Amino acid sequence: MFKKKYSAALPVILLAAILITNGCAKRVSTSQLDETGTKPSDATSQTSKSESRKAGDDVIAIAEPSIPSADIHEEDLNAETAVSSAKFKDIRDIYFDFDMYSIRDDSRSILQTNASVIKNRKAKKVVIEGHCDDRGTNEYNLALGERRAQSAKRYLLALGVSPSNLSTISYGEEKPFCTEQNEECWQQNRRAHFVVE
């Protein structure tokens, strides 16, 4: 008779022991949490039942360790990108004549402003993208886009921008700003575009 009672109680005792050791969250007073919602390192021991609590202390259950969610990091990155974009909003594109990669007179003042912004606001990396309209072969436009990006880079270097801050890439006709088939649209696509990273 004793064996039957003991064998029936054994699974219940084992289940209770497993739940107690693995499944229970620790109870921590909110006064023991720091501003991130985790326990400070000096309060790592379990709160015992005999600890005295002040009246009105909130008690919450927390799982340890507390790991910040990925959403927080994404929000921080998005905010940092927005601040960076606002900081360098004065940087403008320059435009080129058909089948040309020489800097036009109207682009010189824009490049001077760009150089000043890059130096004074300490841009770490600026990528100069070379773009073309869709006339000509892909290979030709990629080469022309590279020449346009390099022309803009050389001009900025002559104005004192550090070479370590600048890099170039050509997209040729692959990333048009405008898709209509007229000179006004093609002019908008023949450009050097500046991306601050």
Side-chain angles (χ1 to χ4, degrees), residues 33-38 40 65-197:
L33 300 177
D34 64 10
E35 61 275 356
T36 63
T38 59
S66 177
I67 300 171
S69 71
D71 294 338
I72 294 172
H73 298 297
E74 288 174 15
E75 289 173 6
D76 290 344
L77 289 174
N78 289 339
E80 186 176 309
T81 302
V83 168
S84 178
S85 296
K87 186 176 178 182
F88 297 105
K89 68 178 170 117
D90 298 331
I91 294 181
R92 296 179 19 217
D93 293 351
I94 61 168
Y95 299 93
F96 296 88
D97 291 328
F98 175 70
D99 203 27
M100 301 294 289
Y101 57 91
S102 57
I103 304 296
R104 297 187 330 196
D105 290 338
D106 62 335
S107 296
R108 295 179 194 282
S109 62
I110 294 171
L111 287 173
Q112 289 170 354
T113 301
N114 289 356
S116 176
V117 170
I118 291 167
K119 290 188 295 186
N120 293 336
R121 298 187 187 160
K122 296 178 176 58
K124 293 180 181 173
K125 193 68 165 176
V126 178
V127 178
I128 306 169
E129 299 176 350
H131 296 272
C132 302
D133 61 40
D134 62 356
R135 295 175 289 178
T137 65
N138 287 340
E139 295 80 18
Y140 181 82
N141 286 331
L142 281 170
L144 182 58
E146 181 61 29
R147 288 187 196 105
R148 289 175 174 169
Q150 288 294 332
S151 289
K153 180 180 178 179
R154 281 192 300 274
Y155 200 90
L156 291 174
L157 292 173
L159 293 171
V161 177
S162 171
S164 64
N165 297 101
L166 300 175
S167 65
T168 61
I169 189 169
S170 175
Y171 288 107
E173 63 189 70
E174 299 302 316
K175 291 187 173 185
F177 181 78
C178 180
T179 57
E180 296 175 21
Q181 295 294 309
N182 59 51
E183 181 55 39
E184 185 179 319
C185 182
W186 290 326
Q187 174 59 70
Q188 293 176 49
N189 292 334
R190 298 190 303 256
R191 70 195 188 280
H193 178 68
F194 299 85
V195 179
V196 179
E197 295 182 343

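In this text the structure is predicted, and so the values were computed from the model without any measurement. When a residue number appears, it is its place in the shown sequence, counting from 1. These numbers come from the heavy atoms of this one structure, side chains and all, not from hydrogens, waters or symmetry mates.
- Contact record, G172 with L142: N-CD2, 3.8 Å, taken as the closest heavy-atom pair.
- The aromatic rings of H131 and H193 sit perpendicular, their planes meeting at an angle over 60°, well past the 30° parallel limit.
- T113 has its side chain out of reach of R92: every pair of non-hydrogen atoms, C-beta onward, lies at least 4.5 Å apart.
- For the atom pair CG of L159 and CZ of R108, the computed distance is 10.0 Å after rounding to the nearest 0.5 Å.
- In this structure, D99 does not pair ionically with R135, as no charged nitrogen and carboxylate oxygen lie closer than 4.0 Å.
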Chi angles and distances behind the side-chain contact (heavy atoms from CB on, under 4.5 Å) call for T168, E146: CA-CA 7 Å; T168 61; E146 181 61 29; 3.1 Å; yes
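- Atoms CD1 and CG, on I110 and D90 in that order, are 12.0 Å from each other to the nearest 0.5 Å.
- Expressed to the nearest 0.5 Å, how far OG of S167 lies from CD1 of I169 amounts to 8.0 Å.
- Considering every non-hydrogen atom in both G145 and C132, the closest pair reads N-SG, 3.5 Å.
- Here the closest heavy-atom approach between residue L157 and residue V161 is recorded as CD2-O, 3.2 Å.
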side-chain contact (heavy atoms from CB on, under 4.5 Å) between V196 and K125, worked out: CA-CA 6 Å; V196 179; K125 193 68 165 176; over 6 Å; no
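- Residues I118 and I91 approach most closely at CG1-CD1, 3.8 Å, considering heavy atoms.
- Annotation: the span from K119 atom NZ to N165 atom CG amounts to 11.0 Å, rounded to 0.5 Å.
- F194 and I94 make their closest contact through CE1-N, 4.2 Å (heavy atoms, listed as atom of the first residue, atom of the second, distance).
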Verdict with reasoning, Q187 to R190, per side chain to side chain donor-acceptor pair (under 3.5 Å): CA-CA 5 Å; Q187 174 59 70; R190 298 190 303 256; 3.0 Å; yes
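- Residues I128 and L156 have side chains in contact (heavy-atom distance under 4.5 Å, counting atoms from C-beta outward).
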Using residues 174-181 as the side-chain source, report each donor-acceptor pair under 3.5 Å to any protein atom, sequence neighbours left out, with the distance given to one decimal.
residue: E180; atom: OE1; partner: N182; partner atom: ND2; Å: 3.2
residue: Q181; atom: NE2; partner: D134; partner atom: OD2; Å: 2.8

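- Residues passing the side-chain contact (heavy atoms from CB on, under 4.5 Å) test with S116, sequence neighbours excluded: N120.
- Counting non-hydrogen atoms of other residues, nucleotides and ligands closer than 6.0 Å to OH of Y155 gives a total above 12.
- For the pair F96 and R104, the minimum side-chain heavy-atom distance is 4.5 Å or more.
- Contact of the V126 side chain with the E197 side chain is not registered, since no non-hydrogen atoms from C-beta on lie closer than 4.5 Å.
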CA sep, side-chain torsions, deciding dist, call: F98, D133, side-chain contact (heavy atoms from CB on, under 4.5 Å): CA-CA 8 Å; F98 175 70; D133 61 40; 3.9 Å; yes
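- Scanning all heavy atoms of the two residues, the minimum distance from R148 to D97 falls at NH2-O, 3.2 Å.
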CA sep, side-chain torsions, deciding dist, call: N189, E173, side-chain contact (heavy atoms from CB on, under 4.5 Å): CA-CA 8 Å; N189 292 334; E173 63 189 70; over 6 Å; no
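- Listed by chain and residue number, R147 satisfy the side-chain contact (heavy atoms from CB on, under 4.5 Å) test with A143 (two or more places apart in sequence, or in another chain).
- If you take OG on S170 and CD on Q150, they are separated by 10.0 Å, rounding to the nearest 0.5 Å.
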